[in-house]
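Shown next, in structure tokens, is the structure this report addresses.
Predicted, not measured: the structure shown is a model, and the values here were computed from it. Quick note on labels: first sequence line is chain A, next is B, and so on, each numbered from 1. When reading the values below, keep in mind they use all heavy atoms of this one structure, side chains included, and skip hydrogens, waters and symmetry mates.
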Amino acid sequence: MNKGVILVDVKAPRGTQDILPSESEKWQYVEKVLTNLCRTFNYKEIRTPIFEHTELFQRGVGDTTDIVQKEMYTFKDKGDRSITLRPEGTASVVRAYVQNKLYGLPTQPSKLFYFGPMFRYERPQQGRMRQFVQFGVEALGSADPAIDAEVMALAMNSYQQLGLQSLKLVINSLGDDASREAHRNALMEHFEPYRTALCNDCQIRLNQNPLRVLDCKDDRNHPAMKNAPSILDYLNDYSSTYFEEVKGYLDQMGIPYVIDKNLVRGLDYYNHTAFEIMSDAEGFGAITTLSGGGRYNGLVADLGGPETPGIGFALSVERLLMALEAEGITLPIDQKLDCYLVALGEEAQKEAVRLTYQLRKAGIQVDKDYMDRKFKAQFKAADRLHAKYVIVLGEEELQDKIVNVKHMKSGIQKEVPVNQLVDYLNKELQGGNEHD
RNA sequence: GCGGUCGUGGCGAAGUGGUUAACGCACCGGAUUGUGGUUCCGGCAUACGUGGGUUCGAUCCCCACCGGUCGCCCCA
């Protein structure tokens, strides 16, 4: 029949994945925990488009960044507009903040969170997908160092709430514009004599963004690295006081951290506070950064809004789940089914359809056989679905207008009149949950 | 984007330049006309990533591509 049909081998595009039911429950659980965490920190959800004008990311993320230069999914739509699938969330959130004039609301700072897929064209690896899901928060409108600490606390708790232990909060300050400029000049001066000894990439970085030379892996052991000027020595009074206060607030909350003066972030918009959360757990390979964030005091103005400070962070849900796996943490996901209806005989099958629907309308979770299985096999199916109760409906029950309800764990079975079944199950399911 | 490595039924995993490609798990049925387990017996399955090439003949050898994975770049 299908001889003439050409079967094309259609697969999900490279770097994307299907999240099947066994996994999606974990995703839902994580999303629930994180959403609830945001509630306690009083962050509200914002949902922005999955694609934006390309220009937003060029201006927001920065033209010289790798993300913009080589990792964006950019295409022309039918109206000849250049569109890009969002590679990160901050630019969109800030754009929405400006466009909708959220800065005019009386509730400042604006504390927002988001959850959704991001897209970057990279060579895939475990923990590095072309489509991946980020959870992130942004706090806009406050330059209080306490809110930097708050965002880091939320970031750490995102993992701790789920039971992760092997975490390391790494922080640094990138300073304000004046501090950065001074540091930049010092770096160029410092490395210039060694220019030819550095790797090719670093020779280019030296001109474009000398900060990035600091975290080069090739040149890590070059003697010039050891005594390279640290940004921390070039912070002006405001920047350095700010950093001290951020650390102070972290101490207040009892959140441990380490300072890495070479921590540099790959997006242009950061200044002052920069941080990453790493996992110490085994089995991560090259992927150790679970999440990252920082302050971006110039971004709102860059995108056409009023001069407004901001700070945020984002984590990858894929990496979060990997970290849980690596630490052997299983999420408390309820895989049980309340009821499974086993029916035997033609007439009973008809009644089973009616009864199943009736129970469902009463809010009871119930399923039945659709594979024409034998009686015994239906029981096995109920077992595989981890059914708490099995409702047996055969010819005899049908005649007597009853069903047999079996509690699977104890094996105890009771006859229940059909017209009392909803009440009976509701009572059983409420009371019975404790010892399940 | 660069380099390494891998690709056999739903999953795991043998194997060979040559008639029907092992096995295990899972699944279905029977032994056990209406009660989950075990055991035994039987059965099911679009399986050698795709496309070329070498060859009388390729799942096996060669090339390209696709995909996974590891490292690099970079990042979440």
*Spacing of the P atoms in B/C62 and B/A22 (rounded, Å)*: 26 Å
_Interatomic distance at P, B/C63 relative to B/C72, whole Å_ = 27 Å
*Within 45° of the ring axis of A/Phe113 and under 6.0 Å from its six-membered ring centre, is that where the NZ or CZ of A/Lys111 lies?*
no
*asked:* Regarding B/G34, can its base be found pairing with the side chain of A/Glu397 as donor and acceptor, where the two atoms are less than 3.5 Å apart?
replied: yes
*Over how many whole Å does the gap from A/Leu385 atom CG to B/G36 atom C1' extend?*
12 Å
*Atom CG of A/Asp369 to atom P of B/C27: distance rounded to whole Å?*
15 Å
*Between B/G34, B/A76, B/C73, spot the one nearest the side chain of A/Lys70, thanks.*
B/C73
_Tell me which nucleotide, if any, is Watson-Crick or G-U wobble paired with B/A45 when both distances must be under 3.5 Å._
none
*Side chains of A/Ser166 and A/Ser279: donor-acceptor distance under 3.5 Å anywhere?*
no
*May I ask you to say what A/Arg384 touches in the nucleic acid, namely base, sugar-phosphate or nothing, with a heavy-atom cut-off under 4.0 Å?*
sugar-phosphate
*Would you please say whether a donor-acceptor pair under 3.5 Å links the side chains of A/Tyr43 and A/Glu150?*
yes
_Looking at A/Tyr121, I'd like to know if the NZ or CZ of A/Arg130 sits under 6.0 Å from its six-membered ring centre while staying within 45 degrees of the ring's axis._
yes
*Protein-nucleotide distance (A/Glu415, atom CD; B/U35, atom P), rounded to Å*: 15 Å
*Whole angstrom is fine here: how far is it from CD in A/Glu346 over to P in B/U33?*
21 Å
*Whom does B/G67 pair with, Watson-Crick or G-U wobble, provided both distances fall under 3.5 Å?*
B/C6
*asked:* If I take atom CG from residue A/Asp302 and atom OH from residue A/Tyr269, how far apart are they, to the nearest 0.5 angstrom?
replied: 12.0 Å
*Value in whole Å for how far the C1' atom of B/G42 lies from NZ of A/Lys374*: 15 Å
*Taking atom types as modelled, find out whether A/Glu276 and A/Thr289 have a side-chain donor-acceptor pair closer than 3.5 angstrom.*
yes
*Roughly how far apart, to the nearest Å, are B/U55 and B/C65 at atom P?*
23 Å
*Would you state whether a donor and an acceptor, one from the side chain of A/Arg319 and one from the base of B/C75, lie under 3.5 Å apart?*
yes
_Taking pairing as Watson-Crick or G-U wobble with both contacts under 3.5 Å, can you name the mate of B/G1, or confirm there isn't one?_
B/C72
*Parallel, tilted or perpendicular for A/Phe313 and A/Phe135, by the 30°/60° rule?*
perpendicular
*asked:* From the set B/A76, B/C73, B/U35, return the single nucleotide nearest to any side-chain atom of A/Val392.
replied: B/U35
*Can you tell me, in whole Å, how much space there is between the C1' of B/G52 and that of B/G10?*
30 Å
*Of the candidate nucleotides B/U35, B/C72, B/G49, which contains the atom at the shortest distance from the side chain of A/Gln413?*
B/U35
*asked:* Looking only at the side chain of A/Gln126 (C-beta and beyond, no hydrogens), which of the listed nucleotides B/U35, B/A76, B/U69 gets closest?
replied: B/U69
Expected rows: protein N/O vs nucleotides 2-6 of chain B N/O, under 3.5 Å:
unit_1 : atom_1 : unit_2   : atom_2 : d
B/C2   : N4     : A/Arg123 : NH1    : 2.7
B/G3   : O6     : A/Arg123 : NH2    : 3.1

*Return the nucleotide paired to B/U35: Watson-Crick means purine N1 to pyrimidine N3 with N6-O4 or O6-N4, wobble means G-U with N1-O2 and O6-N3, both under 3.5 Å.*
none
*Between A/Lys376 (NZ) and B/G34 (C1'), how many Å, whole number?*
11 Å
*B/C40 pairs with which nucleotide, Watson-Crick or G-U wobble, both distances below 3.5 Å?*
B/G30
_Partner lookup for B/G12, please. Criteria are Watson-Crick or G-U wobble with both distances under 3.5 angstrom; report none if nothing qualifies._
B/C23
_If only side-chain N and O atoms count, and only distance matters, is there a donor-acceptor pair under 3.5 Å linking A/Tyr242 with A/Asp176?_
no
*asked:* Nearest to the side chain of A/Asn404, heavy atoms from C-beta on, is which of B/G36, B/G1, B/G34?
replied: B/G34
*Take atom CG of A/Leu290 and atom P of B/A76, then tell me their distance rounded to the nearest Å.*
12 Å
_Selected nucleotide, minimal atom distance to A/Arg373 side chain, candidates B/G36, B/G34, B/G29_ = B/G29
*For A/Arg14 and B/U50, what is the distance between atoms CZ and P respectively, to the nearest whole Å?*
18 Å
*asked:* Both A/Thr16 and A/Ile412 contact RNA chain B. Which one's nearest nucleotide lies toward the 5' end?
replied: A/Ile412
_Any carboxylate oxygen within less than 4.0 angstrom of a Lys/Arg side-chain nitrogen, looking at A/Lys247 and A/Asp148?_
no
*How far, in whole Å, is B/G24 from B/C60 if one measures between their P atoms?*
26 Å
